[in-house]
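Taking it in order: structure first as structure tokens, then the write-up.
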2 protein chains.
Amino acid sequence: MSATDGDIMDKNEAADKRETGTLGKLMVLLDIVTHADGPMRFTDILAVAGQPRGTLHRQLGHLTEEGLLEVLADGRYAPGLRLLDLASRSWARNEFRLIAEPHLNALQQLTGETVHLGVLRGASVIYLDKVEGSQPVRMYSQIGNASPIYCTGVGKAALSALPDDRLDAIISSVSFQHFTENTLTPETLRREIADIRRSGNAFDREEHEVGIRCVAAPVFSEDLSFVGGVSVTGPAYRLTFERLEEWALPVRGAAQSIMSGMRIGLGPRR
Amino acid sequence: MSATDGDIMDKNEAADKRETGTLGKLMVLLDIVTHADGPMRFTDILAVAGQPRGTLHRQLGHLTEEGLLEVLADGRYAPGLRLLDLASRSWARNEFRLIAEPHLNALQQLTGETVHLGVLRGASVIYLDKVEGSQPVRMYSQIGNASPIYCTGVGKAALSALPDDRLDAIISSVSFQHFTENTLTPETLRREIADIRRSGNAFDREEHEVGIRCVAAPVFSEDLSFVGGVSVTGPAYRLTFERLEEWALPVRGAAQSIMSGMRIGLGPRR
DNA sequence: CCCGATAGTTCCATTATTCAGAACTCAATT
DNA sequence: AATTGAGTTCTGAATAATGGAACTATCGGG
């Protein structure tokens, strides 16, 4: 992740239709605390939550009671352990991940580089799985992380699978941050999407982080209930442009295999 | 509410005091879906949730709207991706984990075996971190998992740090399952806790899984806001009883170091 | 020791959400 | 066409959430 995100909130505030009743208000609080740089005091939350003190106090109490938040010894609030428990279950059983797993491993074997599976959620990519070479991995380091859509191979691959109206909606809802000198703008992104649709491959040429390149391909279900991508990522000195081209086909192949698996695994009723 | 009240309620979190209003009801649903073997249909959830149809329908709608649940193409409900996002943040920033990380690595280097950091939540142990040797790890495989307290080294170590009243409360609230022929009973567990308090080390001698042993030590903060443990786990043929004894001291040492770190990192207000 | 801040908690009449159950739609079966 | 199963929508009534103010710490000076 980049060093300091600052306070840039390209959250989905944009199409903020109506709240989800009580739950919506509580989730806003949960987001505030989990997005913070560290534990927050009551007053800190009060300042950004825009709720009366009494109300906020009760809401935090409920979240804490349920284990979604935790109160540290000094009274500050931090994300709670229940989140880990819920997530580990949802991850372990995720259908798409299970279907993709063997293909990700195969791709890792072939290339020797890190392989990712990501899925589109709102205007972000969430990494569902990651297969690395051999070094002991910082495990949550990537999985579950929400990353920008316009400067990752998986993100661009996923976008290319969307119909134009959804694509437009997403592009216009995102604020484009300038990570490296190669980071795309809305215009160049649109042009690239057209390329990806033609060729079937998305590339990240040091657009998010200097020295990191990747080649990706879209993975999606027919009804677009799943829209994501697979990618092979590595350092620029190993992933030369020739190498990227060379791996474009196997990456597309892995994507195809995963999609076949999805049709079998999810197609009929069950 | 209806005639069919007597249902299986032996879920671990059962005996909590008061419900948390609306949130509590929604969390029950979320638990039902995340604990299921696979995606559930509306009717499946209806059967176990004990809510009127209309009510359940709205509740699931809200959870889905927030991304905590997901509706598959065939209408079944599965845990949603938002959970991964929330969890990855909460994990990455977890204070205890960050403090413990270097000590876990050191212990892994020393022993060459898998090292765990776990924390007590209710009557379960949740794994906060895991450092393995060299093979590419199935990452969520363990982290975030809730495991029984009476047959894991970390669980027993954590218990030994509790005062008797809390210990009793937990032991009496748990139903002891018989995993292997070495799995403890409430009585033998109490006796072992006494040993652990004396020696400072907990052992798992194939009590949870045949062929797996481990040596652990408690890690806790002074005010017991954090109660957990570190452990070294491995196959019985490598972790002979002599080896377990040999590593008992370094494991205690790592635990001590983590606790020192906690006092510095969490003690003053900041 | 008291003053004035700052931080967090509790109370309670008002109001908005949620609730429950029935009526309704839609699709497959017979 | 009639029946069953699965899911959705609608309603007044019940309940839980709200918000403002009053209350209690806790702290740092003077």
Side-chain angles (χ1 to χ4, degrees), chain A residues 16-33 36 38-66 68-78 80 223 225 266-270, chain B residues 1-5 7 16-33 36 38-66 68-78 80 223 225 266-270:
Chain A
D16 208 0
K17 24 173 98 167
R18 272 283 61 84
E19 292 287 358
T20 332
T22 304
L23 178 62
K25 294 164 197 160
L26 293 174
M27 292 305 292
V28 169
L29 292 184
L30 201 50
D31 267 344
I32 289 173
V33 177
M40 296 178 82
R41 290 175 318 163
F42 182 86
T43 316
D44 301 332
I45 304 174
L46 184 64
V48 293
Q51 297 271 29
R53 311 241 288 271
T55 301
L56 181 64
H57 187 259
R58 178 180 39 77
Q59 290 171 329
L60 292 176
H62 284 173
L63 289 169
T64 305
E65 193 77 29
E66 287 295 335
L68 298 174
L69 290 183
E70 218 158 287
V71 185
L72 305 183
D74 61 1
R76 289 178 308 163
Y77 291 87
D223 61 352
S225 63
L266 307 172
R269 47 184 305 68
R270 242 255 305 249
Chain B
M1 311 318 176
S2 51
T4 59
D5 250 335
D7 250 282
D16 268 6
K17 24 173 81 172
R18 276 278 69 97
E19 284 290 354
T20 334
T22 304
L23 178 62
K25 294 163 196 162
L26 293 174
M27 291 306 291
V28 169
L29 292 184
L30 201 50
D31 267 343
I32 288 173
V33 177
M40 296 178 82
R41 290 176 318 166
F42 182 86
T43 317
D44 301 332
I45 303 174
L46 184 63
V48 294
Q51 297 271 27
R53 290 147 71 139
T55 301
L56 181 65
H57 188 258
R58 177 181 39 78
Q59 291 171 329
L60 292 176
H62 284 174
L63 289 168
T64 305
E65 193 77 29
E66 288 294 337
L68 298 173
L69 290 182
E70 217 159 286
V71 185
L72 305 182
D74 61 1
R76 289 177 308 164
Y77 290 87
D223 61 352
S225 63
L266 308 171
R269 45 189 309 60
R270 228 187 43 169

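Each chain gets a letter, A, B and so on, in the order its sequence line appears, and its residues count up from 1.
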task = May I ask you to check whether B:Glu65 and A:Thr20 show a side-chain donor-acceptor distance below 3.5 Å?
result =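 No, no side-chain donor-acceptor contact under 3.5 Å.
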request  = Would you tell me if any nitrogen or oxygen in the side chain of B:Gln51 comes within less than 4.0 Å of OP1 or OP2 on C:dA20?
outcome  =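 Result: yes.
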Please write out the pairs of protein N or O atoms and N or O atoms of nucleotides 4-8 of chain D separated by less than 3.5 Å, giving the distance to one decimal.
from: D:dG7; atom 1: OP2; to: B:Thr43; atom 2: N; distance (Å): 3.1
from: D:dG7; atom 1: OP2; to: B:Thr43; atom 2: OG1; distance (Å): 2.3
from: D:dG7; atom 1: N7; to: B:Arg53; atom 2: NH2; distance (Å): 2.8
from: D:dG7; atom 1: O6; to: B:Arg53; atom 2: NH2; distance (Å): 2.6
from: D:dT8; atom 1: OP2; to: B:His57; atom 2: NE2; distance (Å): 2.8
from: D:dT8; atom 1: O5'; to: B:His57; atom 2: NE2; distance (Å): 3.1

Nearest whole Å is fine: how far is [N] [atom2] from [X] [atom1]?
X       : N      : atom1 : atom2 : result
B:Leu60 : C:dC19 : CG    : P     : 12 Å
B:Leu23 : D:dT15 : CG    : C1'   : 16 Å
A:Lys25 : D:dA16 : NZ    : C1'   : 11 Å
A:Leu56 : D:dA17 : CG    : C1'   : 13 Å
B:Arg58 : D:dT15 : CZ    : C1'   : 12 Å
A:Met40 : C:dG8  : CE    : P     : 11 Å

How many angstroms lie between [atom1] in [X] and [atom2] in [Y], if you round to the nearest 0.5 Å?
X       : Y       : atom1 : atom2 : value
B:Thr22 : B:Gln59 : OG1   : CD    : 8.5 Å
A:Leu23 : B:Glu66 : CG    : CD    : 5.0 Å
A:Met27 : A:Leu68 : CE    : CG    : 8.0 Å
B:Arg58 : B:Leu26 : CZ    : CG    : 8.0 Å

message = One pair to check against side chain to side chain contact (heavy atoms under 4.5 Å, CB included): B:Arg76 and B:Arg41. What are the steps and the verdict?
response = CA-CA 4 Å; B:Arg76 289 177 308 164; B:Arg41 290 176 318 166; 3.3 Å; yes
query = Within the structure shown, what part of the strands sits under 4.0 Å from B:Thr55 by heavy-atom distance: base, sugar-phosphate, or nothing?
reply = base
